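Have a look at the structure below, then the notes.
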Amino acid sequence: MTALRLKDVSVSLNGQMMFAPLTLSAEPGVVTSVIGPSGAGKSSLLAHLAGALPEELCAHGEVRLGEQRLDDLPPEERRLGILFQDDLLFPHLSVAGNLAFGMHRRSEGRSDRRRAIAEALESVGLAGFEARDPATLSGGQRSRVALLRVLLSEPRALLLDEPFGRLDTETRADTRRWVFDEVRRRCLPTVLVTHDQDDVTAAAGPVVKLQPGVKA
Amino acid sequence: MKAVALTILLAVSGIPILAGVGITLVEAADPAAWSTLLHFPGIGRSVALSVWTGAAGTVLALVLAHLTVALAGTSTWARRVEALALPVIALPHLALGIGLALLLSPSGLLLRALSPWATGLHRPPDWLLVQDPLGLSLVLGLAVKEAPFLILMLVGARAQVPVTRLMLQSRSLGYGRLKAWWVSVAPLLQRQIRLPLAAAIVFGVTNVEMAIPLGPVSPPPFAVVLWQWFTTSRLELRGAAFAGSILLVVVAIGTLAVAMSALRLARRVHSHYAASGRRGRSSTSIARTLAILPGLVLALASGAVAALVCRGLSPMWRFPAVLPEAIDASLIERSAPSLGAALGTTLALGGITVVLAVGLSLWVAESLSRDSLWRRRVGVVLFAPLLLPQMAFLFGFQWLVVRLGIDGTWWAVGWEHALFALPYAWGIVAGARSALDSRLVVTARTLGAGLLRAWWAVVVPLLSRSVLLAGAIAFSVSVALYLPTLFAGAGRVATVATEAASAASSGNLRVAAVHGAAQAIAPLIALGVAMLTGQSLFRNRQGVPR
C-alpha cells in the first residue's frame, strides 16, 4: 500500500475557503486524525477525497495515492473506502447482498464469493447472518457489516467520517479498536475526521487541526 | 445533463400552456365576440352558478378533509385514511359524477334501497334530485371528489409540522384531544396546502366533467356553456367561446382571491377562538359522531361505483328493485359497441402517459437530487396546468398540434395527458428521491459502482414503491381526462372518457354508465396492482421506504 497525499487541499463555497489549505501524508497502516469544530468542513474534505463533493462546492489542491492523481477520477475508480456516521447499509439488500455489492467480479466464481462472505461474517462473530434484513441488526452489528462491506471491496485507502458517533459507549470502544486493528493489519492509509477526543487518542496517529479558511 | 433534462421537462409542460394561453388571448381580442358573449341569454346566471358550485363544493370538501384528518390524527387509524382516500382520488370526476347521478336520481340506487318499505314509493317520483337548478347535487359531487384529495394533501403536510410535540404540548395544557388538534395542528397544516386548495377551487369553478352529469341544465354552469360553444358546428360562437375562456379565467381568479381573503378572515377568527383558552369537554363521543361524515363520503363514492356497474350491466332494472333482474354482458356490446375500441385506446394512452410522466420525473429528479431550489421551481411550473382553467389553453394547444401536423394523433393526446399527469408524478417521485439519503449513492460509488449501476441497483429499488404509486396516479389522471382528450384528439381519439361524456350530455345514462363503469374500474385496478406489488416487493426488508 502507498500513502494518500494531500497537497494544499481546500474546499470553497462561493469563493470562501472552508478551511486553510491542508497538506498531509496519510501513511499506510496509520490512522491520521483530522480534527476541527463542527462546520469546519471536515465532512466536505472527505467528500472531496471520495469524489462526491456537492456541485455548489469547489475543490482546490492535489490528491494523490502514491503517484496516481485522484482528483479527476470518478469515485468508483478511486477505490477508496468510506465509512460514515451512519452505517448506510442498503436497506433493500440482505446482509450478504450488501457485502457482495462492493466485491470485485474477477475470476473467482459464485461459490468463492459466497465463501469469502461467510468467512468475513464469521470473523466478526456474525456467522450465518447472510440472509438477514439489515434493519433487524443491532447498531454494533450493522457497523461491523458496514466495515466488512468496505474491506471486501479491497480499498486502497480508508476514509472515516466520524464513524463511531452513533454507537453507544460500550460498542463504540469495541468497534473502534476492531476498525483500527484492521487498518493496521491491512496496512491501509486512513484518514479519520472527528471531534471526539477519545477517537483521536485511540487512533494513536498524527493529528491535523483544520484552520479557519480565508477569502480565496 | 441537468440543463438538458430541465429543458425537456419544461418544454413538455411550458410550451403547450404558453402557446395555449397566447392563442386564446389573440382569438379573444375581438369586440364582436365579447358582445355576443355578454348578451347571450342566461350568461350571468351561468357564471354565478359556476362560482357558487365551485366555491361551495370546495369549502365543504375542505371542512370534511380537516375533520377527517383531525379524527384520524387523534386516533390510531391515521394510516388507513390514506389507503381509503386514494381509491376515491383515482376515481375520474366524470365517472363519479355519472355514478352519483345514477345513485341519487329519483330512479337511483338510493331511493330503490329505501322503497317501498320506507318511502312507500312504487314508481320513481318526479323530484328534481340531480341537476337541480341550484346546483346542490353538483356541490355534493364536488365535495365528495375533492375531500379525499385535500385529505391526502393534509396527511402529506404532516411531515412538515411537528404534530407529536404540538399535541403533547397542548394536551399537557389541559386540552382534549380533538380540541388540541383543532387549535394547534390544524392551522399549521392548512398553511401547507394552499396551492392544492387553489387548484381544487379553480377546478371546481371551471370543470365540465362533473357539471355535465350533475349540474343544472338551463342554464348550465359557465364552463359547460363554453364547452358547448367550442364543440358546436355554429362557427359564429367560436369567438365568443375564446372571449368566454378569458372571462372564465377572470372569474376563477376572482373566486380564488375572495376565497383566500375568506381564509385569512377564518384564521383571525380561529386564533381568537384558540386564544380564548376554553379547554372543551372530553371529546370522544363528539369524535365518534363526527366520524360518520367521512364515512358518508366513502359510502357515496362506493354507491356511485355500484350504481354505475348495475346500470351498465343490465338492460332491465325495474323500480324499486335494488339489484337488476338480469345481468347480460352481451347487451353491453349492443348498447355500447364502441366500448372495446375506446377501452383499448384508453389503456394505450394511459400507458404512454405513465412512461412519459414517470420516466421524465425520474430522470429530472435524479439530475436535481441535490438541488432543492430548482426542484421547487420545477414543481411550481409543472403545477401550472392545475391552476389554470383547462378551457383557457386547451384550444390554443390544439392550434399548436395542428401546426405541428400531429393533431388527432396519439402523440398529441399523450403529450397533453403527460402535461396533466406530470405534477402528480413529479410530486411523488421527486419527493421520494430527495428523501433518499444521498450518502447511499456515494457509498455505492466508492464501493466501485458506476453512475448507472448506482442508480439502477440502489436508487431505483429504493424508489420502487413511489414509482409504482406515481404510475398508478398518472394512469388514473390519463383515464380521467376528458376535455384535453377531446381537444388534442380533434374529436377523433375516442376514449371511455369522451364516450361517457358525450352519452351523458345527450342524456343516455345507460351508455354513459357502461363507459363510466369502465372509466371508474380501470384506475382502481391500476391502483390495486400498484399497491399489492409495492407491498410484495421487499416484503422482508423493513428499511425500504414506503
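No experiment lies behind these values; they were computed from the predicted model shown. Sequence lines set the chain letters: A, B, ... in the order given, protein chains first and strands last, and positions in each chain run from 1.
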Counting neighbours of [atom1] on [X] that are heavy atoms of other residues, nucleotides or ligands and sit closer than 6.0 Å, is the number greater than 12?
{"X": "A:E55", "atom1": "CD", "result": "no"}
{"X": "A:R69", "atom1": "CZ", "result": "yes"}
{"X": "B:L373", "atom1": "CG", "result": "yes"}
{"X": "B:R377", "atom1": "CZ", "result": "yes"}
{"X": "A:Q68", "atom1": "CD", "result": "yes"}

Just verifying a value: how many Å separate [X] [atom1] and [Y] [atom2], rounded to the nearest 0.5 Å?
{"X": "B:T446", "Y": "A:L158", "atom1": "OG1", "atom2": "CG", "value": "10.0 Å"}
{"X": "B:R445", "Y": "A:L80", "atom1": "CZ", "atom2": "CG", "value": "13.0 Å"}
{"X": "A:T136", "Y": "B:Q542", "atom1": "OG1", "atom2": "CD", "value": "6.5 Å"}
{"X": "A:R149", "Y": "B:L447", "atom1": "CZ", "atom2": "CG", "value": "5.5 Å"}
{"X": "A:F101", "Y": "B:T443", "atom1": "CZ", "atom2": "OG1", "value": "9.5 Å"}

Heavy-atom proximity to chain A below 4.5 Å, by part of [X]:
{"X": "B:A454", "value": "neither"}
{"X": "B:L451", "value": "backbone"}
{"X": "B:L462", "value": "side chain"}
{"X": "B:D437", "value": "side chain"}

A:L53, part contacting chain B, at a heavy-atom distance under 4.5 Å: backbone
Would you mind checking which part of A:R132 comes under 4.5 Å of any heavy atom in chain B, side chain (CB onward), backbone (N, CA, C, O), both or neither? backbone
When only heavy atoms count and the cut-off is under 4.5 Å, which of residues 179-192 of chain A reach chain B? none
Suppose a student defines contact as a heavy atom less than 4.5 Å from any heavy atom of chain B. Which residues in residues 87-95 of chain A would they list? A:L88, A:L89, A:F90, A:P91, A:H92, A:L93, A:S94
Quick one: closest heavy-atom pair of A:E76 and B:G450, and the distance? OE2-CA, 3.4 Å
Where is the tightest heavy-atom contact between A:P54 and B:R370, given as atom of each residue plus distance? CG-NH2, 3.4 Å
